[in-house]
Student: 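Submitted below is the structure of interest, expressed as structure tokens.
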Amino acid sequence: MSELHTPHAGDDQAKDDDVVSLLKRQHGDIRNLFDEVEATSGEERRDAFRRLVRLLAVHETAEQEVVHPFARRALPGGEQVVEDRLAEEKAAKEALAALDETDTDDPDFLPRLKALRRDVQEHARAEERYEFTHIYRSTDATDLAAMAKAIKAAEAVAPTRPHPGVQSGAANMALGPVAALMDRTKDAVRKAMGNS
């Protein structure tokens, strides 16, 4: 059995070689995409919003397949911690689905986006505090790396940036609707974890 992972001075520059670093990086990417959506307009806003929707879908699905099952088993009070996170995720998914049906130029779009952003950021802080910190402290480096590999497999299924040659968000989304994206993400995670 490998040693438990313990924080050290170079961790803030760590690559995405453990699941906690990887998911925190994704939280940063999500914040940056919210900034980009808010700061742009027209086609640029639509493209940024499409990338945000894709990243949120992949991120949350991967967490449900990798992080939450581990947290349920391994963390003190893990069942309740996960139930709380799932309730937050459900509310955010519903808000995202409603927002996804709104044109990005609609006057209601930005206020609704900002409300979603607040909810997503509160959810991310709760994950980092109640799940990630405990996983990082209680899990060995091998398991942290294995979980990161599964999350990376999910990211590979649905890049968060448009594919080369695909210039519009609408064309990029035509590569796969969000529901199909979530299914492909689940399949990729399960395959990476050896749970076909």
Side-chain angles (χ1 to χ4, degrees), residues 1-34 52-97 115-158 160 178 181-183 185-195:
M1 181 165 173
S2 50
E3 295 180 35
L4 288 180
H5 186 82
T6 54
H8 55 79
D11 278 350
D12 52 337
Q13 289 146 5
K15 293 186 179 148
D16 294 342
D17 59 351
D18 74 71
V19 70
V20 173
S21 296
L22 176 62
L23 292 172
K24 284 184 173 182
R25 190 260 306 153
Q26 286 184 346
H27 284 172
D29 292 346
I30 289 166
R31 281 190 300 275
N32 292 341
L33 278 169
F34 270 111
L52 176 62
V53 168
R54 291 174 72 83
L55 179 55
L56 285 170
V58 170
H59 178 80
E60 293 305 329
T61 302
E63 284 180 339
Q64 289 172 11
E65 293 293 312
V66 178
V67 176
H68 297 333
F70 181 86
R72 281 185 199 276
R73 291 188 314 269
L75 303 184
E79 190 68 36
Q80 188 59 53
V81 167
V82 171
E83 288 306 312
D84 292 346
R85 300 302 71 77
L86 289 173
E88 294 161 3
E89 288 168 11
K90 182 178 186 288
K93 281 181 195 173
E94 289 169 359
L96 182 62
L116 175 64
R117 180 182 190 149
R118 280 189 302 274
D119 292 345
V120 167
Q121 287 178 326
E122 286 176 22
H123 171 67
R125 282 191 294 274
E127 284 179 331
E128 290 177 10
R129 179 177 181 190
Y130 297 112
E131 282 183 300
F132 298 0
T133 299
H134 299 291
I135 289 170
Y136 193 75
R137 289 180 182 156
S138 66
T139 309
D140 66 39
T142 301
D143 286 343
L144 288 170
M147 287 189 277
K149 179 182 174 189
I151 301 285
K152 287 178 187 178
E155 278 189 311
V157 169
T160 57
V178 174
L181 172 62
M182 294 174 112
D183 287 340
T185 301
K186 287 178 186 178
D187 291 343
V189 167
R190 290 173 182 169
K191 183 176 180 183
M193 295 185 74
N195 299 335

Student: Among Leu23, Val58, Leu86, Val19, find the one that has a side-chain contact (heavy atoms from CB on, under 4.5 Å) with Glu63.
Tutor: Leu23

Student: Tell me the closest heavy-atom pair linking Gln26 and Leu55, and the distance in Å.
Tutor: O-CD2, 4.2 Å

Student: Give me each pair satisfying salt bridge (charged side-chain N to carboxylate O under 4.0 Å, His left out) with a member in residues 75-91, each pair once, sequence neighbours excluded.
Tutor: Arg72-Glu79, Arg72-Glu83, Arg85-Glu88, Lys90-Glu94

Student: Would you say the side chain of Lys24 lies within less than 4.5 Å of the side chain of Tyr136, judging by non-hydrogen atoms?
Tutor: no

Student: Identify which one of Thr142, Val67, Val66 satisfies the side-chain contact (heavy atoms from CB on, under 4.5 Å) criterion when paired with Met147.
Tutor: Val66

Student: Is the closest side-chain heavy-atom distance between Ile30 and Gln121 below 4.5 Å?
Tutor: no

Student: What closest approach, in Å, do Val20 and Asp18 show between heavy atoms, and which atom pair accounts for it?
Tutor: N-OD1, 2.9 Å

Student: Looking at CZ of Arg118 and CG of Leu116, how far apart are the two atoms once the value is rounded to the nearest 0.5 Å?
Tutor: 9.5 Å

Student: For Leu22 and Ala148, work out which heavy atoms get closest and say how close.
Tutor: CD2-O, 3.5 Å

Student: To the nearest 0.5 Å, what is the distance between CD1 on Ile135 and CG on Asp143?
Tutor: 11.0 Å

Student: Where is the tightest heavy-atom contact between Pro69 and Gln64, given as atom of each residue plus distance?
Tutor: CD-O, 3.1 Å

Student: So which atom in Leu144 and which in Thr139 form the shortest heavy-atom distance, rounded to 0.1 Å?
Tutor: CD1-O, 3.8 Å

Student: For residues Tyr130 and Leu75, determine if any side-chain heavy atom of one lies less than 4.5 Å from a side-chain heavy atom of the other.
Tutor: no

Student: Could you note down all residue pairs passing salt bridge (charged side-chain N to carboxylate O under 4.0 Å, His left out) where residues 120-134 supplies at least one of them, sequence neighbours left out?
Tutor: none

Student: Identify, with sequence neighbours excluded, every residue that meets ring-ring contact (aromatic ring centres under 6.0 Å, His included) alongside Phe70.
Tutor: none

